[in-house]
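Following: one structure in structure tokens, then a few remarks.
Throughout, protein chains are lettered first and strands after them, A, B, ... in sequence-line order, and every chain is numbered starting at 1.
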2 protein chains.
Amino acid sequence: MAILGIVAEYNPFHNGHLYLLEKSRQQGDFSATVVVMSGNFLQRGEPAFCDKWARAEMALTAGVDLLIELPFCFATRSAYYFAKGAVQLLQRSGVVTHLAFGSESGQLSQLQEIAGILAHEPESYKTALKKRLSQGWSFPLARSSALQEYMGGEKKQLQEILPGPNNILALEYLRVIEEEGIPLLPLTIPRQGSSFHSSDLSPYSSARAIRQALYHNLDWEKITNSISPATEKILQREIALGRAPIGPDSLEQAIMVNLRLVSTDYLREIYEVSEGLEFRIKEATNSCGTLEELRQFIKSKRYSLTRINRTLLYTLFALSKNQVELYDQHGPQYLHILGFSAKGQEILQKIKIKSKLKIFSRGSEMKQARDKNPGTALAEMIKLDCQATDVYSLLFPNPATRRAGRDFTTSPVPGT
Amino acid sequence: MAILGIVAEYNPFHNGHLYLLEKSRQQGDFSATVVVMSGNFLQRGEPAFCDKWARAEMALTAGVDLLIELPFCFATRSAYYFAKGAVQLLQRSGVVTHLAFGSESGQLSQLQEIAGILAHEPESYKTALKKRLSQGWSFPLARSSALQEYMGGEKKQLQEILPGPNNILALEYLRVIEEEGIPLLPLTIPRQGSSFHSSDLSPYSSARAIRQALYHNLDWEKITNSISPATEKILQREIALGRAPIGPDSLEQAIMVNLRLVSTDYLREIYEVSEGLEFRIKEATNSCGTLEELRQFIKSKRYSLTRINRTLLYTLFALSKNQVELYDQHGPQYLHILGFSAKGQEILQKIKIKSKLKIFSRGSEMKQARDKNPGTALAEMIKLDCQATDVYSLLFPNPATRRAGRDFTTSPVPGT
């Protein structure tokens, strides 16, 4: 039985996501679709526009059968660790057979060739990469240039592939599959529509363009073209309930106050803070009045805005190098189910037989697992996910909805 | 040479404060007035409406000669420790001879009699107090009732005196003078105008009524009657610069996010958290969506709203029981000068001769004292004051004014 796996943020779910779903399903005789989706915080180090259960619900209306949360400790990481956590989660479900992902390129074999280099790191590639890193290049640029040097003749091709944000994730999925020998069959679908950075609104608007339209003036007319009526209804409901919209910088005060109170010793323990970055962050903290200023102040050839933004989030959650090492050592430890269709429930029964991971399809199970395994990677990962949800809930515009503990009290969203 | 000392918050400076100043000066032949003023955080556990230098400036225009900051670790404490820190600071200046304070009562000897009981705690009073505390009464109520029992016949008098918020502080000043044998001569001036809790606007409006008028609609016409033109000008300037108004709950996100992230073990170390209060705070944190809800949730017969509000502030600044013990053991360690008149500068020269405390009339001196005495009460107190200023600065409406380190870069405000 073939089951399709997809990794997504759905922030929010839009026609581009639907296109990937439908095109992927046409590639085989799949009996169900399982999606690993980020929780309330995203790979760019920011909170989602609306909460994870609402986003899961959108996906269910589009025919996804089962939604599993990608834990915070993978969802808010750089592309490689994000991909690794997600692919491992799909694999450890024990039932997913295929992994589909969008890419600007759409050429699987070409992507696989590059991913092979990333996975096996031939000596001369490694040397070229190290040289550039030691010169202070950012990791993405250093890698791109080292690959170009290594692959020589195919320079032009590489120049087309490497800048694409979907290609980058695609490469990481393929790399993880190769590195870990994961038996998932990859499929890639050429991406449709605007790039992430575009703010054009079209039938294939980027999620960012849709969010912008909603932040600024709740301009529904502009976006109804880009999202399904079902998604629109869910978004409207969340906004009416006062659980959305959540702005990307809405944790500004908490992050900045915390940074003014902590020491450089504290910062040095935080994941991704190295090479004296703690001093740069502290200096920025003292000079800057907003998160945006802070990011711009810290930004350098070496540190991209996105990486800085993630690091700032880690400082708030006190995510330490040691903790992350523990998480990476163990990989995903549980399947937190955010939503399922009728078919999804059947799949869940299969997972219960095939998977070694804990399955949380009730909040109480998650709480129990945390309380019964103190100090383990499992418990620590749950704790972090719950903290993320509890902090996220405080961002809801309507104070009456800000109660903590939603991970322990919210049932998976049922499909229609 | 007689020098008048006063303790104040000036949030903001108004006609009632001016009245106290003028009436006090008429009580003797004073060559100068020295005021110990709270910094950016107040006894009610909230940030000031505008910053400490602006408030010092208001007092200078009203004829105060020297303004000294009451450190955070005393300014945000219950009445007794607030009074103790302030009175010790005045005494340790080495030059102040008199202490003037307002009171609803206006009867010094009567207040001194009660203060004597508080200072010496006769056995039967102590027993009565303990009994009530063990029954779960709040401290103010337990004390009031124990005093009534102890003083017997003078019940009616007590019932008039004890509820007055100015009387309460007056009693604590007198108690500290008695307990510590401090050679300051007390003067009390009957308070003029509305009580703290009143929101009437009149020539003697309370500071609260003035703040409310400014928060809600910048209704200057309503308040010009209650403040001097000079104070009005300073307030208008601070608002125009985007350094005011600061709302009492403006640290809401930082406090609530922090509370959702910390453990009950963390809370148990915090000053004023005892008797299982950590669990109540944690429970409230999980249930509530705003600071106001949080306070109301935690409130009980034992814990007043103000005490809770202070405790919530301590949780943000991680002010521990151990730290406070250290501060109380040593008392004020320095005179941070916020402003001076020409006469104030002369007084400062006298203080330099007479006082054993460090004097900071330049930011660099404060920084140096902190850096050269690591681990001492002096350095820790400075650190906390600077953290308070740096966090407070983030609350300024205008992001361009939020830079940290103002304690190290701001000179005392000169009088006109």
Side-chain angles (χ1 to χ4, degrees), chain A residues 47 242-243 247 249-263 266 281-294 296-297 313-319 374 383-384 386-409, chain B residues 47 242-243 247 249-263 266 281-294 296-297 313-319 374 383-384 386-409:
Chain A
R243 293 196 301 218
D249 283 356
S250 51
L251 269 172
E252 180 167 279
Q253 181 180 89
I255 291 174
M256 295 193 69
V257 165
N258 183 56
L259 283 175
R260 289 221 167 155
L261 290 171
V262 300
S263 64
Y266 170 95
I281 293 177
K282 201 65 193 171
E283 198 192 338
T285 299
N286 288 336
S287 305
C288 301
T290 65
L291 264 186
E292 179 53 22
E293 275 181 62
L294 201 58
Q296 294 294 346
F297 188 106
L313 191 67
Y314 305 150
T315 65
L316 181 64
F317 284 94
L319 187 66
K383 227 168 92 180
L384 186 57
C386 294
Q387 283 187 324
T389 299
D390 291 349
V391 166
Y392 184 83
S393 301
L394 284 175
L395 304 178
F396 289 150
N398 176 5
T401 62
R402 294 180 188 158
R403 180 174 277 275
R406 301 185 79 224
D407 283 308
F408 297 157
T409 56
Chain B
R243 293 195 301 217
D249 283 356
S250 52
L251 268 173
E252 180 167 278
Q253 181 181 90
I255 291 174
M256 295 194 69
V257 165
N258 183 55
L259 283 175
R260 289 222 167 155
L261 289 171
V262 300
S263 64
Y266 170 94
I281 293 177
K282 200 65 192 173
E283 198 192 337
T285 299
N286 289 336
S287 305
C288 301
T290 64
L291 264 186
E292 179 53 22
E293 276 181 62
L294 201 59
Q296 294 293 346
F297 188 106
L313 190 67
Y314 305 151
T315 66
L316 181 64
F317 284 94
L319 187 66
K383 227 168 91 180
L384 186 56
C386 294
Q387 283 187 325
T389 299
D390 291 348
V391 166
Y392 184 83
S393 301
L394 283 176
L395 304 178
F396 289 150
N398 176 5
T401 62
R402 294 181 188 157
R403 180 173 276 276
R406 301 185 79 222
D407 283 308
F408 297 157
T409 56

* At a heavy-atom separation under 4.5 Å, does B/Ser250 approach chain A through its side chain, its backbone, both, or neither? -> backbone
* **Top contributor to chain B interface from A/Arg260, A/Lys383, A/Arg402 [non-hydrogen pairs under 4.5 Å]** => A/Arg260
* For B/Ser287, check side-chain contact (heavy atoms from CB on, under 4.5 Å) against everything at least two apart and list the hits. => A/Arg403, B/Phe297
* **Region of B/Glu293 that comes under 4.5 Å of a non-hydrogen atom in chain A** => side chain
* Asked: Looking at A/Thr290, A/Leu251, A/Asn398, which makes the most heavy-atom pairs under 4.5 Å with chain B?
  -> A/Leu251
* Contact class of B/Ile255 relative to chain A, heavy atoms under 4.5 angstrom -> neither
* Structure fact -> Between the CG atom in B/Leu259 and the CG atom in A/Asp390, the distance rounded to the nearest 0.5 Å is 12.0 Å
* Check whether B/Asn258 gets within reach of chain A through its side chain, its backbone, both or neither, counting any heavy atom under 4.5 Å. => neither
* Select one option (side chain, backbone, both, neither) describing which atoms of B/Leu316 are under 4.5 Å from chain A's heavy atoms. => both
* Asked: Do you know which of A/Cys288, A/Ala404, A/Gly289 has the most heavy-atom pairs with chain B at a distance under 4.5 angstrom?
  -> A/Ala404
* Structure fact -> Between the OG atom in A/Ser393 and the CE atom in B/Met256, the distance rounded to the nearest 0.5 Å is 11.0 Å
